[in-house]
Amino acid sequence: MVKIKFCGAAGTVTGSNYLVTTDTCSFVVDCGMFQGPDVEHLNLEPLSYDASKVDFVLLTHAHIDHSGMLPKLYVNGFRGPIFATNNSIRISTELLLDSAKIQELNFKTGVFYGKYTQLKAIVYNTKDAENTIMLFKPVDFEEEFSPANGVKIKYHIAGHILGAASIEVKIMDNGVEKSIFFSGDIGRKESHIIPSFDLDFKATPDYVLTESLYGGERHPEREDSVEEMVRIINETVERNGSVYIPCFAVQRTQELLNDFKRAKEKGTLAEELDVWLDSPLAQRVTRIYFSALDSTASNLFDFPGLHYIKKYKESQKISRKGGQVIMAGSGMADGGRIMEHLSFALENPKHSVVFVGFQAEGTLGRQLTEGEKEVTIGSKTLKVRAKIHHLKGFSAHGDSGDYIDWINRLRSDKLKKVFLIHAEPDRALAYQKELAEVGVTNTEIPTIQEELVLE
Ligand SMILES: [Zn+2]
C-alpha cells in the first residue's frame, strides 16, 4: 500500500512537506518553513510523524519554504540521506545557516520566534543546520536512482530558481508500479539566466501534486516590468533621488542584475549609474550562480557601476547619496539591511521604492504597496512621501498559463488524480476551474494533515 500525507503547503502556500509511506520504506518530499501570520506557529509544533523512521528525503529546491525545516527533521532523529541537485545543496547550505543564525540571534536577544508568534523559541541552531547539511547527497537531472528497494526517483528541471526540480517517483506496490510526480515550484517558460522546464518532456504519472500559487492569474510580461523599472530609475535619478529595491536573495537578485546589465548595454540605463548590492546573503548566492552557470556566466551579472557592499557601516554611508540604485534584503521589507535604507528614504519625495515580488500580509512591504501613508520602522514613525511602486512581472513562479503547459506534458488515460497544492484556497479553486475547462477534472485540493491511500 502506498500512502501520502499532506503535512504542509496544503490549503496554504508555505511549509512544503509530504510524507510517502510504502510497504518497505517511508520518505519525505521537502521540509519547508511555514511563513505568514496564520501558519508560522506550525514551525514550533511537533512533526506529525516520527522523523527517526523516515528513510530518506527528496528536496525539490532550496527556497526556505521547501527546505527551511530540514534541520527540524535532524533534531527529531532523522539521519538518512537528503537527495538534492548540487546547486540546491549549495544554495540551501547558505539559507539554512542564515536561518539558524537569525533564530539564535533572536533567541539570545529575547525576541519572539519569527514575526507573528509570542513565543521565545528556537527550532534549530547552527550546529543542527551544519549536521543537516552533512546529510545532503547530490543527484543529477534526468539520472534515475533507487534510494530504497522498489523505489525509483528522477529529477527533472523545473525552472524557477537555480537547481530547482520536479521529482518523478516510481514505487512498486504489490507487483504494480505507481508513479507520483511532485511539481516543486514551477518556473516561467522564459528565463534569461537559467533553463526553463522542458516543454517537449512527456511522462505518464498516476498522480500529480502541482503548485497552484497563481491559479487563475496571468503575470504581466516580464520585459514590460523591466522597461517600467528602467523608466522609474531614470526619472528618479533625474531628480537626484535614489531607487531602493527590497530584494530576494535567490534568483530575483541575479535576474535584476542581468536586467540592469542588458539595459546598460542597450543604453537605456546610463553606464555610469551606480548599482549597490547590499545583502551579504544575495552576494554569496550570486557567486553560486556565477560558478554554476557556464563559463560566460560571469558576464551575466557583471556590469560597470555594480558594487558589492560588505560591511554594515559602508551600507549606512551609501544610503545618503542620491542618484543611485540600492538593492538590499529582505524582499518584503520585513528585516535585513533594507530597513535602515527605508527609514532614511521613505520621507523624501525624491526617492523611489520598487517592490519586485509577492508581499505577504503583515510585512512592511504589504503596507507600503497597499498605499499606507504612515508606517513604523523600529521605534520610528515615518510619513511615506517617497514614490512606492510594485512591479509584478518579475515573479520566478509560473502563472496559470505556464502551469497548464507544465501539466499538459503529464496527461494520459493513466492519470488518476491531480492534487492542487502550494496555494491559498481561492487560487487553488481558480486553478481547479481552469483545469476543468481544459479537460482535467480529476483534481483535488487536499487539506493539511490529510492522509490518503494511493490506489
Ligand atoms: Zn520556490
Side-chain angles (χ1 to χ4, degrees), residues 8-10 12-18 28-36 39-40 43 57-70 82-96 98-99 141 155-167 181-191 193-197 209-215 217 219 222 247-256 281-282 285-286 288-289 292 329-332 356-360 363 392-400 402-403 406 420-424 427-428 431:
T12 185
V13 177
T14 59
S16 182
N17 187 214
Y18 310 98
V28 158
V29 178
D30 287 346
C31 194
M33 188 179 281
F34 288 98
Q35 296 170 300
V39 289
E40 191 183 64
N43 295 320
V57 174
L58 306 173
L59 177 67
T60 61
H61 68 292
H63 269 150
I64 209 80
D65 61 321
H66 291 255
S67 70
M69 285 292 139
L70 289 171
I82 303 171
F83 296 101
T85 64
N86 231 320
N87 289 321
S88 289
I89 294 173
R90 295 175 72 194
I91 300 170
S92 298
T93 297
E94 295 294 343
L95 299 187
L96 293 180
D98 193 65
S99 166
F141 284 118
Y155 278 50
H156 303 283
I157 288 177
H160 183 54
I161 66 168
L162 186 67
S166 296
I167 303 177
F181 214 98
F182 295 85
S183 73
D185 283 353
I186 300 169
R188 300 174 76 163
K189 287 193 292 283
E190 297 89 27
S191 167
I193 59 173
I194 56 163
S196 306
F197 62 85
L209 279 77
T210 178
E211 175 194 346
S212 316
L213 179 66
Y214 287 107
E217 289 187 27
H219 296 319
R222 194 172 185 287
C247 225
F248 300 94
V250 185
Q251 188 76 13
R252 201 71 41 91
T253 292
Q254 295 76 34
E255 283 183 340
L256 279 173
L281 180 62
V285 174
T286 302
I288 295 174
Y289 271 69
S330 73
M332 299 188 198
V356 288
F358 176 73
Q359 302 299 311
T363 59
K392 296 184 178 167
F394 289 103
S395 179
H397 291 262
D399 61 14
S400 234
D402 297 309
Y403 294 164
W406 183 88
L420 309 182
I421 50 165
H422 296 299
E424 297 298 342
R427 294 299 98 209
Y431 187 38

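Values reported hereafter were calculated over all heavy atoms of this structure, with side chains retained and with hydrogens, waters and symmetry mates removed. Read the numbers this way: they start at 1 and go in the same order the structure lists the ligands and their atoms.
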Could you label the plane-to-plane angle of the His422 and His66 rings as parallel, tilted or perpendicular, counting under 30° as parallel and over 60° as perpendicular? tilted
Protein N, O or S atoms at less than 2.8 Å from the Zn ion (ligand 1), how many? 4
Once side-chain contact (heavy atoms from CB on, under 4.5 Å) is applied, do any residues pair with Ser330, and if so which ones, sequence neighbours excluded? Asp334
Any idea how Trp406 and Phe181 line up, ring-wise: parallel (<30°), tilted (30 to 60°), or perpendicular (>60°)? perpendicular
Sequence neighbours left out, what passes salt bridge (Lys or Arg N to Asp or Glu O under 4.0 Å) with Asp402? Give chain and number order. Lys189
Decide if the gap between the ring center of Tyr214 and the ring center of His219 is smaller than 6.0 angstrom. yes
For Glu217, salt bridge (Lys or Arg N to Asp or Glu O under 4.0 Å) partners two or more places apart: Arg427
